[in-house]
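The structure presented is a predicted model; accordingly, all values stated were derived computationally and were not measured. First listed ligand is number 1; within each ligand, the first listed atom is number 1.
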Amino acid sequence: MSTVPHPSVSTQDQLKALAGRAALDYVEPGQVIGIGTGSTVNCFIDALAASGMAIAGAVSSSEATSQRLRAHGIAVLDANDVGELSVYIDGADEIEPGGCMIKGGGAALTREKIVAAQARRFVCIADESKWVARLGRFPLPVEVIPMATQRLIRQFAALGGTARVRLRDGAPLVTDNGQHILDVSGLSIDDPLAFESMVNNWPGVVTVGVFAHQRAHVCLLSTSQGVRTVVFQPG
Ligand code: 5RP
């Protein structure tokens, strides 16, 4: 683990911008890269555009990210038209010392997992508030097919979790894939790999927001002291 000092960084927005800029070191001109979703990723996209580095294009994890990329003149490519990606850059809602994450606060978890699976390396960009000893404080996002909602709420309750349908403007939020999101609080996720596999097997679950099979290889964690680079052991 190494830390690059940076003077007087304090607010969370500044920390997100710092992590976003740090990810430029993991991109090379001419590459096709995978890009996630969220406010930290937006900082990365803006930094990439400001850097003047020309990449061949990006595979995007959401409509929101695609819009931002296009606004900067960065080509958005179809995942099916490109092979393995050298790198996938994305944020997280929580990341633990093994590189496992909770993701989906931006409701883009399914496409995020697809693009992450297509990349050789997952670089997670996060501010220090996202670092946890154990996953589970952040309500776990789960993308679900609406007809399974009530049964899945009962299945989570049997694990001690309280699941709520995520709302937007008073109605269930509809994801880019036309599905709904459950946010589940009160879970204890001691074994992220086993938990992810178990919930993914429940009928009606599209994607669970535990990223253990697609965990991060590197985390660029911005702190008030600078960016700490955490490299995870291969699992
Ligand atoms: C979106 C995500 C984001 O990576 C996660 O919510 C972190 O977002 P932010 O950078 O805005 O804090 O998983 O689905």
Note: Arg164-Asp183 ion pair, threshold 4.0 Å (strictly below): no
Ser129-Gln12 side chain donor-acceptor pair, cut-off 3.5 Å: yes
CA sep, side-chain torsions, deciding dist, call: Lys130, Asp93, salt bridge (charged side-chain N to carboxylate O under 4.0 Å, His left out): CA-CA 6 Å; Lys130 309 293 185 64; Asp93 298 301; 5.0 Å; no
Atom indices of ligand 1, in the order listed, that fall short of 4.0 Å to a heavy atom of Gly104: 2 (C), 13 (O), 14 (O)
Gly91: numbered ligand 1 atoms lying under 4.0 Å from its heavy atoms: 4 (O)
Numbering as shown, the atoms of ligand 1 that approach Lys130 to under 4.0 Å (heavy-atom distance): 7 (C), 9 (P), 12 (O)
Ligand 1 atoms in contact with Lys103 (distance to a heavy atom under 4.0 Å): 2 (C), 3 (C), 4 (O), 13 (O)
Residue pair Glu63 / Ser66, side-chain donor-acceptor N/O under 3.5 Å: no
Nearest non-hydrogen protein atom, atom 10 (O) of ligand 1: Thr40 OG1, 2.6 Å
Test of proximity, Gly38 against ligand 1: N or O pairs below 3.5 Å: no
Between Glu143 and Thr207: side-chain donor-acceptor atoms closer than 3.5 Å: no
Heavy-atom nearest neighbour in the protein, as seen from atom 3 (C) of ligand 1, with distance rounded to 0.1 Å: Thr37 O, 3.2 Å
Asp90 neighbourhood, listing ligand 1 atoms whose heavy-atom distance to it stays under 4.0 Å: 4 (O)
Proximal ligand 1 atoms for Ala108, defined as those under 4.0 Å from one of its heavy atoms: 14 (O)
Pair Ser60-Thr65, side-chain donor/acceptor within less than 3.5 Å: no
Taking atom 1 (C) of ligand 1 as the reference point, the nearest protein heavy atom with its distance: Glu112 OE2, 3.0 Å
Atoms of ligand 1 close to Asp93 [distance to a heavy atom under 4.0 angstrom, numbered from 1]: 5 (C), 6 (O), 7 (C), 13 (O)
Donor-acceptor contact below 3.5 Å, side chain Glu196 vs main chain Ala212: yes
Ser61-Thr37 side chain donor-acceptor pair, cut-off 3.5 Å: yes
Minimum-distance protein heavy atom relative to atom 11 (O) of ligand 1: Ser39 OG, 2.5 Å
Cationic N near anionic O, under 4.0 Å, Glu96 to Arg134: no
Ala107, portion touching ligand 1 at heavy-atom distance under 4.0 Å: backbone
For ligand 1, the portion of Ala92 having any non-hydrogen atom under 4.0 Å away: backbone
